[in-house]
Every structure is written in structure tokens, then in C-alpha cells.
Amino acid sequence: MRKSMVAGNWKMHGAHESAVQLVKAILQGSERSDNAEAVICPPFVYLADIARLLKGSDLVLGAQDVCAEDNGAFTGEVSGSMLFDVGCRYVIVGHSERRSLFGENDAMVARKFMATQRAGLVPILCVGETLDQRQNGETQAVIMRQLKAVLDAAGIHSFEQAIVAYEPVWAIGTGKTATPSQAQEVHALIRACICAGDARIGAAIRLLYGGSVKASNAADLFQMPDIDGGLVGGASLEAHEFLAICEAVG
Ligand code: 13P
């Protein structure tokens with residue numbers, strides 16, 4: 001059985017004090033079931049402090065991005081081994097905000113995916129279509145293109161240590177969630193594509209849904225057969241919402 005997961009992507013929100021308070025409130029929250037993994041992805045600069053707070057807890061640390069290179073003269077960048085050093089275990093790669101606002105193309109996303117794994121971290125690979133693409137009937141083609149770029153570069157076996165998040169761009173931060181059946185349709189497509197490469201890896205990989213996930217809609221999404229959890233933005237900034245979403249997945 002696949003272990004479910006809720007990952008909170010804090011994006012560029014908060015300050016040191018609010019980050020610490022948020023982590024403390026999450027840590028004080030109700031016990032999570034053994035079958036669910038909870039991950040928080042704060043901004044880079046707070047990772048080391050938060051890692052200290054998480055010591056001995058079952059809450060796991062992730063980063064929101066990584067450099068495609070392992071080390072060297074890359075001013076402003078943060079490498080996978082640095083993230084591993086400070087206690088991260090997951091890295092979000094190819095988030096739609098990185099793709100659309102910071103010019104990351106499929107090839108760059110694939111390089112970041114591989115850099116993440118070289119550092120011993122697990123990538124959470126984001127894919128998703130825009131509203132225009134959905135309305136033009138291009139959803140399937142876009143998802144397959146984004147996924148295959150990484151499959152071709154990294155190989156099917158790399159998906160043994162990876163997570164894929166389906167985040168329709170039109171649902172991110174808009175309050176407009178994909179319906180459970182819309183999300184399930186794309187998740188089934190992603191799983192089938194990975195199964196075509198290796199049935200065992202496809203059956204085992206965890207697929208997260210992201211895009212306006214809240215405590216009020218989480219249970220309906222998570223009951224779908226190919227939705228193994230959520231990648232949560234706004235709702236992960238409130239401890240009670242995040243904890244309720246973690247409970248819904250358990
Ligand atoms: P929201 O949950 O705020 O829509 O953000 C989703 C997201 O982008 C998570 O990575």
C-alpha cells in the first residue's frame with residue numbers, strides 16, 4: 001500500500017518568528033496516522049532553524065527549489081547537498097511558479113530532478129496545465145510532455161525515489177480546486193505513463209494533487225484511487241488547516 005503524504009509549500013511567505021510559531025503549532029497538533037507522511041517546505045533561509053525544531057519529530061523537511069549544479073560558481077544558488085546537510089529530505093522541482101516566473105523549461109526541470117537525487121534527496125516533480133491549455137484540450141499532451149522530459153533524461157528507475165505532484169495552474173492560489181474526478185483523470189494518466197515504463201514503479205509511486213487544497217475539500221480528493229495526498233500552498237500556512245488536511249489523508 002502506498003504511504004500517503006501531505007506536503008506544505010510555504011512559498012515566499014512569513015518571517016522568522018511566524019515560521020517558528022507555525023512549526024511549533026504543527027508539532028503540537030494531533031498525532032498523524034502511521035500511514036501518512038507530513039512534509040513542510042519553508043523558504044531556504046529558515047530551513048536550518050526549522051530542522052532543529054523538527055529533531056525527534058515525525059514531521060519532515062523539504063525545500064522549494066534546488067540548483068541544477070552540484071557546486072561551483074553559481075552566485076545565489078543552493079545545492080542539493082547543502083539542502084541535505086541542513087536536514088531536507090524532499091525538494092519541490094518544476095513548480096509552475098518556477099516554470100512561468102523564472103523561466104524554467106522542461107530540460108532545466110529534468111536537470112534539477114537529477115541534481116536532487118544525486119544529493120540523496122527525493123524530488124517532488126510538479127506538472128500541470130494552464131487554463132488555456134485545458135480549454136484547448138491540451139491537458140493530456142502538456143502533462144505527458146512535462147513528465148516525459150524527466151523520464152527521458154533521468155530514466156524510469158529514477159522514479160523509484162520520486163513523487164509527482166499534479167498541480168493545474170488554474171487551481172493554484174485561485175480557490176478553484178479541480179474536482180476529484182478531474183484530478184483523478186490526470187493522476188490515472190500519470191500513473192499509466194509510469195507503469196508503461198515499469199509496472200511496479202508505477203504502482204508504487206506517490207502522486208499528490210495540488211491547487212487550492214483545503215481542509216474542506218481534502219477528503220473528497222484523497223479518496224480517489226490515484227490521489228495519494230496533497231501539495232498544499234496557502235492552507236499550509238495555518239496550522240489547524242494543515243493538520244486537518246493531514247488527518248483527511250490518514
Ligand atoms: P495553493 O494551495 O495555495 O493553491 O497552492 C498550491 C501550490 O502551488 C502548492 O505547491
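The structure displayed is predicted, hence computed values, not measured ones. Whatever order the structure lists them in is the order used to number ligands and atoms, beginning at 1.
For the pair Ser96 and ligand 1, no heavy-atom separation below 4.0 Å is found. Using a 4.0 angstrom heavy-atom cutoff, Lys11 counts as in contact with ligand 1. Ligand 1 lies out of reach of Gly210, whose nearest heavy atom is not under 4.0 Å from it. Distances from ligand 1 to the non-hydrogen atoms of Ala235 include no value under 4.0 Å.
The closest protein non-hydrogen atom to atom 2 (O) of ligand 1 is Gly233 N, 2.9 Å. For atom 3 (O) of ligand 1, the nearest non-hydrogen atom of the protein is Gly234 N, 2.8 Å.
Close approach of ligand 1 to Leu231 (heavy-atom distance below 4.0 Å) involves ligand atoms 9 (C), 10 (O). Every atom of ligand 1 with a heavy atom of His95 under 4.0 Å away is listed here by number and element: 7 (C), 8 (O), 9 (C), 10 (O). Listed by number with element, the atoms of ligand 1 under 4.0 angstrom from any heavy atom of Ala171 are 4 (O). Atoms of ligand 1 lying under 4.0 Å from any heavy atom of Gly173, numbered from 1 in the order shown and given with element: 1 (P), 3 (O), 4 (O). Proximity to Ser212 (heavy-atom distance under 4.0 Å) selects the following atoms of ligand 1: 1 (P), 2 (O), 4 (O). Proximity to Glu167 (heavy-atom distance under 4.0 Å) selects the following atoms of ligand 1: 6 (C), 7 (C), 8 (O), 9 (C), 10 (O).
A side-chain donor-acceptor contact under 3.5 Å links Gln133 and Thr130. Neither side chain, Glu185 nor Tyr166, offers a donor N or O lying under 3.5 Å from an acceptor on the other. Remark: the Thr177 side chain and the Asn217 side chain contain an N/O donor-acceptor pair separated by less than 3.5 Å. Using modelled atom types, one finds no donor on one side chain facing an acceptor on the other under 3.5 Å when comparing Asp65 with His95.
Residue pairs meeting the side chain to side chain donor-acceptor pair (under 3.5 Å) criterion with at least one partner in residues 142-156, sequence neighbours excluded, are Asp106-Arg145.
Using a cut-off of 4.0 Å between Lys/Arg side-chain N and Asp/Glu carboxylate O, Glu104 and Arg98 are scored as salt-bridged. Note on Asp228 versus Arg191: salt bridge recorded, some NZ/NE/NH1/NH2 to OD/OE distance being below 4.0 Å.
Residue Thr174 has no nitrogen or oxygen atom sitting less than 3.5 Å from a nitrogen or oxygen atom of ligand 1, judged on distance alone.
Linking Ile, Leu, Val, Met, Phe, Trp and Tyr residues whenever their side-chain heavy atoms come within less than 4.5 Å leaves Val93 and Met5 in two separate clusters.
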